[in-house]
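Notes follow the structure.
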Amino acid sequence: MPDLLIELFSEEIPARMQARAAADLKKMITDGLVEAGLTYASAAAFATPRRLALSVEGLSARSQATREERKGPATTAPDKAVEGFLRSTGLTRDRLEIRAAGKGEAYFAVIETPGRDAAGIVAEVLEGTIRRFPWPKSMRWGTSSLRWVRPLHSILCLLVGDDGAEIVPVEVEGLRAGNATRGHRFMAPEPFSVTSFDDYEAKLKRAKVMLRPGEREEAIWHDATNMAFARGLEVVEDRGLLAEVAGLVEWPVVLMGPIGEDFLSLPPEVLRTSMKEHQKFFSVRNPGTGRIEGFVTVANIETADDGATILAGNGKVLAARLSDARFFWERDLAEAKAGMGAWAAANRDVTFHNRLGSQADKVARVAALAETIAPMVGADPGLARQAAEVAKLDLRSEMVGEFPELQGLMGRYYAGAAGLPAEVAAAAEEHYAPLGPSDEVPTAPVSVAVALADKIDTLAGFWAVDEKPTGSKDPFALRRAALGAIRLLLSNGLRLSLGGIFTLANGEADAADLLSFFHDRLKVHLRERGIRHDVIDACLAMPGADDLTLLVRRAESLQAVMGTEDGTNLVQGFKRANNILAQAEEKDGVEYSFGPDLKFAESDEEKALFAALDAAEARIAPAMEREDFAAAMEAMAGLRGPIDAFFEAVQVNAENDILRRNRLNLLNRIRIIVGRVADLTRIEG
Amino acid sequence: MADTPRSFQEIILRLQAYWAGQGCAVLQPYDMEVGAGTFHPATTLRSLGARPWAAAYVQPSRRPTDGRYGENPNRLQHYYQYQVIIKPSPPDLQELYLGSLAAIGIDAALHDIRFVEDDWESPTLGAWGLGWEVWCDGMEVSQFTYFQQVGGHDCAPVSGELTYGLERLAMYVLGVDHVMDMPFNDPDAPIPLTYGDVFRQTEEEYSRHNFDAASTDALLRHFEDAEAECARLLAVPATDPRTGKRIVMAHPAYDQCIKASHLFNLLDARGVISVTERQAYIGRVRALAKMCADAFVTTAAAGATEAA
């Protein structure tokens with residue numbers, strides 16, 4: 001059972017693409033090998049900035065020969081049919097066999113595929129993989145028509161058996177596979193040949209290349225935390241950055257340096273963002289004060305001066321970057337203290353959407369809406385208005401211009417510097433939340449008011465100009481906005497009638513359509529929380545469905561009841577009642593909506609149902625009144641026994657017309673009373 | 001290993017000598033206001049078509065919005081780029097590039113040189129390519145791009161383009177913190193001149209001009225004129241009545257495209273272009289660049305054998 005080693009050596013592969021590329025290489029090659037009839041024991045793929053590598057162990061030396069027989073058309077069939085069969089089998093007519101089949105004779109094809117050596121298969125699969133590799137972005141270079149993420153320089157492809165390593169003969173656009181590779185670009189640039197995966201990995205290490213991304217990450221994290229610890233500091237964890245940095249080096253060398261005193265007054269988020277985005281530095285924190293006091297950079301080379309030149313250079317670049325940041329920060333603070341009027345004015349020149357006016361127009365709408373919503377969420381209307389007016393000002397600040405990801409956070413700092421109330425400053429930061437499905441949801445009332453107003457204004461606005469999401473297209477992230485609003489309402493238990501608020505936000509928006517968009521998003525959201533979509537549908541039909549908090553409480557109660565035996569059986573009984581009634585109404589052309597009369601009840605079961613309905617109604621009405629859905633559902637579920645017993649004992653469509661009508665009217669009472677709790681016709685099963 | 005240069009101009013001279021030694025035609029700057037070395041027709045137009053090409057040159061470049069009255073240590077509205085363009089891109093272009101760093105005194109054994117993903121796109125030129133920004137000890141010292149498309153045309157063969165931001169690179173090599181303090185000529189020359197001696201006053205003058213004084217009415221008018229002139233030149237029939245030869249005026253038309261692009265940058269600095277208009281202006285310049293590219297690929301310089 002030979003092992004297979006492949007390396008594709010290129011110019012620097014973008015860090016963000018490496019992990020995916022290694023996985024794709026493994027999948028494409030192993031899938032191809034298996035499809036061609038080979039088996040293997042295990043496979044592992046690796047990436048460094050300059051290479052993708054794959055090791056497959058225990059590959060079969062040859063594929064199995066296969067023999068397949070296929071029956072074709074009868075010998076009397078028209079030529080067309082025979083030609084089609086030849087095409088599908090890839091044979092010529094003289095290769096077909098004629099055998100008895102049924103009453104006559106038919107053509108038979110015997111397709112024999114001989115076993116093939118692994119080398120031939122590997123060569124074919126590798127070439128196909130290289131030509132069809134799914135890079136997110138690929139390019140051509142020189143005069144070659146091959147596409148790769150960056151110029152591809154060499155291919156290493158070895159089959160390693162008991163009697164040594166054999167180069168697999170692959171050639172792609174003039175690149176012929178060999179057994180050689182190169183080490184580190186600067187520390188070990190000479191080519192060397194390898195004889196197996198173990199030999200490959202060991203020689204690479206000697207040539208200053210750590211093949212495994214995980215090993216590079218560990219080395220970086222280990223050295224960084226040790227260095228920081230030695231000085232009583234700690235590295236701020238950032239897994240995304242760690243993975244990226246590990247994709248920028250073949251031989252990580254960790255260096256740590258201080259941040260100049262002049263910059264320590266910058267907000268820690270600014271330091272962290274500037275260092276990460278521009279320099280790909282880790283931040284180093286003083287655990288006592290929480291201040292960011294140093295940086296860790298990861299070089300790709302060991303130098304004679306132990307990195308002194310590199311560290312000095314990096315420190316210098318950082319100082320220039322942080323000078324810029326401090327310049328922005330100081331200018332912004334001056335503007336903040338002056339009342340941020342220039343930013344408000346600048347917002348008038350920024351288009352929010354060409355049919356929805358400027359950013360300033362949007363702010364004015366959000367402010368008005370936030371003020372209206374404020375009392376419903378327990379916020380002070382004046383503060384909510386003020387917060388909305390301030391919340392988008394930082395978009396015009398220099399810092400946010402430089403680091404868009406600091407929007408909101410800078411708003412909080414600047415509102416604070418402007419001497420505005422703490423609630424207003426907090427809302428400037430929090431009103432964007434929640435963005436992702438796992439983001440924390442704001443709870444401070446003023447933040448909630450502005451966050452809701454901002455999202456609802458956006459949605460109602462885009463609904464008014466008919467820019468709704470379609471299929472996979474949602475360029476304005478409206479689904480995210482709706483989910484954000486939903487989570488704000490639910491996790492704060494807010495009681496708002498959305499329909500009215502939509503109309504208030506934008507009179508031209510189709511409020512009913514927007515509400516059904518919210519309901520769709522709500523269903524997706526609740527499904528993730530385990531609530532059945534048919535349960536939600538059963539509640540959507542009830543009054544007050546534009547109050548999502550109420551809707552969800554109703555749905556949760558219904559779901560709980562549906563989980564009980566009484567609940568599921570009640571649905572059966574209810575549906576039976578409903579069906580009988582609907583058929584009778586259709587046949588008779590009338591609605592059985594008169595109250596039934598107890599005096600026509602014959603059997604005990606029928607009388608018991610009368611009593612049970614009276615009792616349930618007496619419990620359901622007040623329970624619904626105080627929105628005690630659990631009690632209402634329980635009362636409703638209590639009908640299960642009497643309804644089942646009734647159907648067991650009583651023939652609804654009796655000979656006697658009076659009895660029949662009375663019983664249909666009784667069924668109608670079931671429909672009415674149950675219908676006050678939920679629309680059980682929507683429940684599946 | 002090369003010793004450390006002593007002045008801004010020495011770095012330029014060493015780059016010129018190095019790339020001349022690699023067989024590039026050392027061209028002179030294009031005589032028009034451009035935003036970057038890429039706008040030089042030696043890059044934009046010559047990266048089109050099949051004819052091999054290798055050129056290197058300094059290109060004075062203007063970015064009106066980056067003016068800081070000569071006060072910012074790194075930002076200038078007028079600066080120099082060093083540009084290398086080779087078609088087809090040679091297989092050892094990275095090594096050639098690293099050789100150029102060595103030539104200006106950057107020892108790869110002592111510094112941390114990295115190729116970090118940075119794809120290049122010029123919406124105004126309808127051009128894009130893949131490549132890296134090259135980092136030296138955490139500082140971006142060059143842009144390295146394999147052109148894939150220019151003026152809407154696929155590049156075949158592909159050109160390799162190297163762009164060095166000369167001031168920044170030189171400040172790093174010379175260990176200077178403020179661009180204006182950088183020695184322009186040899187510090188021991190009879191009349192030693194700093195970058196500030198040469199450019200501080202012009203940075204002030206142009207900053208004022210770009211931000212406040214340039215006549216927006218005139219700029220708008222010039223933009224319209226350049227746009228119209230570009231289209232008009234390309235619409236003239238290819239056969240020249242005076243010589244009877246086929247003479248497509250791709251370069252004169254492209255000059256108008258360059259003009260329009262620079263005028264747009266000035267209008268942008270004057271703050272009279274709104275966010276929505278911005279895209280429209282960029283689209284107009286791109287349309288000109290595309291027309292020029294369409295015209296150029298029909299000419300002999302692009303390798304077209306017999307024009308249609």
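Residue numbers start from 1 in every chain, and the chains themselves are labelled A, B, ... in the order their sequence lines are given, proteins ahead of strands. These numbers come from a predicted model, not from an experiment.
Around atom CZ of B/Arg68, more than 12 heavy atoms belonging to other residues, nucleotides or ligands sit under 6.0 Å away.
A salt bridge is defined here as a Lys NZ or Arg NE, NH1 or NH2 lying under 4.0 Å from an Asp or Glu carboxylate O, and A/Lys316 with B/Asp137 fails to meet this definition. Checked for salt-bridge contact, B/Glu95 and A/Arg185 meet the test: a charged N lies under 4.0 Å from a carboxylate O.
In terms of heavy-atom pairs under 4.5 Å with chain B, the best-connected choice from A/Pro151, A/Pro189, A/Ala308, A/Gly142 is A/Gly142. Between chain A and the options B/Ile113, B/Leu130, B/Ile86, B/Leu93, heavy-atom pairs under 4.5 Å are most frequent for B/Leu130. Interface check for chain A: of the options B/Cys155, B/Gly175, B/Ala50, B/Pro90, the most heavy-atom pairs under 4.5 Å are formed by B/Cys155. Here A/Thr309 is the residue among A/Thr309, A/Leu318, A/Thr143 with the most heavy-atom pairs under 4.5 Å with chain B. Residue with the most contacts toward chain B among A/Val317, A/Ile310, A/Ile301, A/Thr303: A/Ile310 (heavy-atom pairs, distance under 4.5 Å).
For the atom pair A/Met139 CE and B/Ser89 OG, the distance stands at 6.5 Å (nearest 0.5 Å). Interatomic distance, CG of A/Leu248 versus CH2 of B/Trp135, reported as 7.0 Å (0.5 Å rounding). Note that CG of B/Asp112 is 8.5 Å distant from CZ of A/Phe186, once rounded to the nearest 0.5 Å. With rounding to the nearest 0.5 Å, the separation of CZ in B/Arg114 from NZ in A/Lys280 is 10.0 Å. Taking NE2 of B/His111 as the start and CG of A/Asn300 as the end, the distance is 15.0 Å to the nearest 0.5 Å. Atom CD1 of residue A/Ile13 and atom CD of residue B/Glu117 lie 11.5 Å apart, to the nearest 0.5 angstrom.
Partners of A/Arg150 under the salt bridge (Lys or Arg N to Asp or Glu O under 4.0 Å) rule, at least two apart in sequence or in another chain, are B/Asp119. Looking at residues two or more places apart in sequence or on another chain, you find no salt bridge (Lys or Arg N to Asp or Glu O under 4.0 Å) involving A/Glu335.
Both the backbone and the side chain of B/Ala156 come within contact range of chain A, with heavy atoms under 4.5 Å apart. Heavy atoms closer than 4.5 Å to chain B are found in the side chain of A/Met17, but not in its backbone. At a 4.5 Å heavy-atom cutoff, A/Ser144 makes no contact with chain B through either its backbone or its side chain. Neither the backbone nor the side chain of B/Phe147 comes within less than 4.5 Å of any heavy atom of chain A. At a 4.5 Å heavy-atom cutoff, the contact between A/Val149 and chain B is made by backbone atoms alone.
You'll find the side chain of A/His153 stays beyond 4.5 Å of the side chain of B/Asp92, heavy atoms only. Side chains of A/Arg140 and B/Asp154 form a contact here, defined as non-hydrogen atoms less than 4.5 Å apart. Two residues are said to be in side-chain contact when any heavy atoms from C-beta on lie closer than 4.5 Å; B/Trp132 and A/Glu11 meet this criterion.
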For this session: List the steps, then state whether side chain to side chain contact (heavy atoms under 4.5 Å, CB included) holds for A/Glu244 with B/Val116.
Result: CA-CA 11 Å; A/Glu244 186 182 4; B/Val116 180; 5.9 Å; no

For this session: Tell me, with the steps shown, if B/Gln94 and A/Glu12 meet side chain to side chain contact (heavy atoms under 4.5 Å, CB included).
Result: CA-CA 10 Å; B/Gln94 282 186 311; A/Glu12 278 76 355; 2.8 Å; yes

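Closest of all the heavy-atom pairs between B/Gly138 and A/Asn314 is CA-OD1, 3.3 Å.
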